[in-house]
Amino acid sequence: MEQQLLAQMKEALDASVSTPLYLQLQQAIEKAIADKLLTHGTALPSERKMSLALGVSRVTVVKALALLHEQGVVVKKHGKGTLVNLPVHYNLSGGGFSSQLQRKGEVSNRWLTRELVQAPSSIASELDLAEGAMISKIKRVRLVDGMPVSIETMYIPECFLPRPDLLEGSLYAHWRDQGIKPYDQDYSLSIYTPSPEEARMLEIPPGSPLMKIILKSQDSKGRVLEYGSAICRSDFYNFEFKVRA
């Protein structure tokens, strides 16, 4: 992949035109991002390697990276080099995960659980159900362009999702087809330290701080549609709130 990246960037450079080489290199890196040769968190080749492979001075590479850094497209991290920085600006009042993140790349799921279970007392009380009532439990790792970005665990009354095993993609898209629409949503956010297994599933170093979101949705009649949580990579998400004054 690195060789393909360097080859594409070298092909984009033309010393015979009036555009400075550092601007051409900046544009070549931006194109590599648009073509998904570079994704969020990907390390760029070192300045020395780019200079040698592209046949340009190190000053040219430094100036191109400086422009990208000013735009927030890349960041420098000690011990890791220059990383592509494309966090998702996720609006908590702006709809579901799939609808918002599909604009950033290919959204997919790694399913862990899709089953009907008996509600324990703590979950039943959140769903306004009796203890032991049947509910759907869905747990999945959410991925964007193959990168795991969050782990979501949701509990849903059986009447709103009687066949969790048939759910493949967006829960909200499925509900929309059924005429079900969240009306009120309550969020609680906190810092969360993942377990070793959660860190492994998200492909992050153990102990990395995450953002934990607890969500409860109701329909226009006040019926609870879902209750659960998502633990999200803090290096991938920028959470936004929009409220009316």
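Bear in mind that the values here come from a model prediction, so they are computed numbers and not experimental data.
Formation of a donor-acceptor pair under 3.5 Å by the Q185 side chain with backbone atoms of Q218 is not found in this model. The backbone N or O of L116 sits nowhere less than 3.5 Å from a side-chain atom of S136 that would complete a donor-acceptor pair. Side chain of Q71 to main chain of L68: no donor-acceptor pair is present (N/O by atom type, distance under 3.5 Å, no hydrogens or angles). Between the side chain of D219 and the backbone N or O of K221 there is at least one donor-acceptor pair closer than 3.5 Å. Looking only at distances, no side-chain donor or acceptor of R142 sits under 3.5 Å from a matching main-chain atom of I151. The backbone N or O of P148 lies less than 3.5 Å from a partner atom in the side chain of R233, making a donor-acceptor pair. Although no hydrogens or angles enter the test, the distance criterion places a donor-acceptor pair under 3.5 Å between the side chain of D14 and the main chain of S16.
Heavy-atom minimum distance, W175 versus F160: NE1-O, 2.9 Å. The two residues P157 and L127 make their nearest non-hydrogen contact at CD-CD2, 4.0 Å. Closest approach of A199 to P194, counting heavy atoms only: N-CB, 4.1 Å. When every heavy atom of L54 is checked against every heavy atom of K10, the shortest pair comes out as CD2-N, 3.5 Å. Residues L143 and N109 share a closest heavy-atom pair of CD1-C, 3.8 Å. Between S208 and I204, the shortest heavy-atom contact is CB-CD1, 3.9 Å.
In this structure, V75 and N85 have side chains that are in contact, with non-hydrogen atoms separated by less than 4.5 Å. Here the side chains of T60 and M50 are not in contact, with every heavy-atom distance at 4.5 Å or above. With a 4.5 Å cut-off on side-chain heavy atoms, S217 and L215 count as touching. The closest side-chain heavy-atom distance from V62 to Y22 is not below 4.5 Å. Here the side chains of I138 and W111 are in contact, with some heavy-atom distance below 4.5 Å. Side-chain contact between L44 and L38: present, with at least one pair of heavy atoms (C-beta onward) separated by less than 4.5 Å. No side-chain heavy atom of L189 sits less than 4.5 Å from a side-chain heavy atom of K212.
Once rounded to the nearest 0.5 Å, the distance linking CD of E70 with CD of Q26 reads 9.0 Å. How far CD1 of I135 is from CG of L161: 11.0 Å, rounded to the nearest 0.5 Å. Atom-to-atom distance recorded for Q4:CD and M9:CE is 11.0 Å, nearest 0.5 angstrom. Taking CD from E30 and CG from D35, the interatomic distance works out to 12.0 Å, rounded to the nearest 0.5 Å. A distance of 6.0 Å separates CD of E47 from OG1 of T82, quoted to the nearest 0.5 Å.
Among residues at least two apart or in separate chains, side chain to side chain donor-acceptor pair (under 3.5 Å) pairs with a member in residues 156-168 are R163-D165. The side chain to side chain donor-acceptor pair (under 3.5 Å) contacts involving residues 115-134 comprise E126-K216, where partners must be two or more places apart or lie in separate chains.
Grouping the Ile, Leu, Val, Met, Phe, Trp and Tyr side chains by contacts below 4.5 angstrom, directly or via other members, places I214 with V224. In the hydrophobic cluster analysis, where Ile, Leu, Val, Met, Phe, Trp and Tyr join through side-chain heavy atoms closer than 4.5 angstrom, L25 is grouped together with L65. Following chains of ILVMFWY side-chain contacts shorter than 4.5 Å, one can reach V141 starting from Y192, so the two form part of one hydrophobic cluster. Under the 4.5 Å side-chain heavy-atom criterion for ILVMFWY residues, a single connected hydrophobic cluster contains both L13 and I33. At a threshold of 4.5 Å between side-chain heavy atoms, the hydrophobic network of Ile, Leu, Val, Met, Phe, Trp and Tyr places M154 and M211 in one connected group.
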### Message
Working note: L171 + R140, criterion side-chain contact (heavy atoms from CB on, under 4.5 Å); need CA distance, chi angles, decisive distance, verdict.
### Response
CA-CA 12 Å; L171 173 62; R140 53 187 164 180; 4.2 Å; yes
### Worked verdict on L83 versus K76 for side-chain contact (heavy atoms from CB on, under 4.5 Å)
CA-CA 6 Å; L83 307 181; K76 287 190 174 183; over 6 Å; no
### Task
List the steps, then state whether side-chain contact (heavy atoms from CB on, under 4.5 Å) holds for R58 with R48.
CA-CA 7 Å; R58 195 158 178 175; R48 181 176 180 275; 4.1 Å; yes
### Task
Any chance you could lay out the side-chain contact (heavy atoms from CB on, under 4.5 Å) test for E203 and M147, step after step, and finish with the verdict?
CA-CA 8 Å; E203 299 177 8; M147 176 191 293; 5.8 Å; no
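For K63, the salt bridge (charged side-chain N to carboxylate O under 4.0 Å, His left out) test picks out no residue, with sequence neighbours left out.
Salt-bridge formation is not detected for the pair R110/E152: no Lys NZ or Arg NE/NH1/NH2 atom is positioned less than 4.0 Å from an Asp or Glu carboxylate oxygen.
Within a 6.0 Å sphere centred on CD of E11, other residues, nucleotides and ligands contribute 12 heavy atoms or fewer.
No hydrogens or angles considered: a donor-acceptor pair under 3.5 Å links the side chains of E226 and Y172.
Residue K137 is tested with T113, L112, I156 for a side-chain contact (heavy atoms from CB on, under 4.5 Å); the sole match is T113. Evaluated for a side-chain contact (heavy atoms from CB on, under 4.5 Å) with I213, the options C232, S229, S150 yield exactly one hit, C232.
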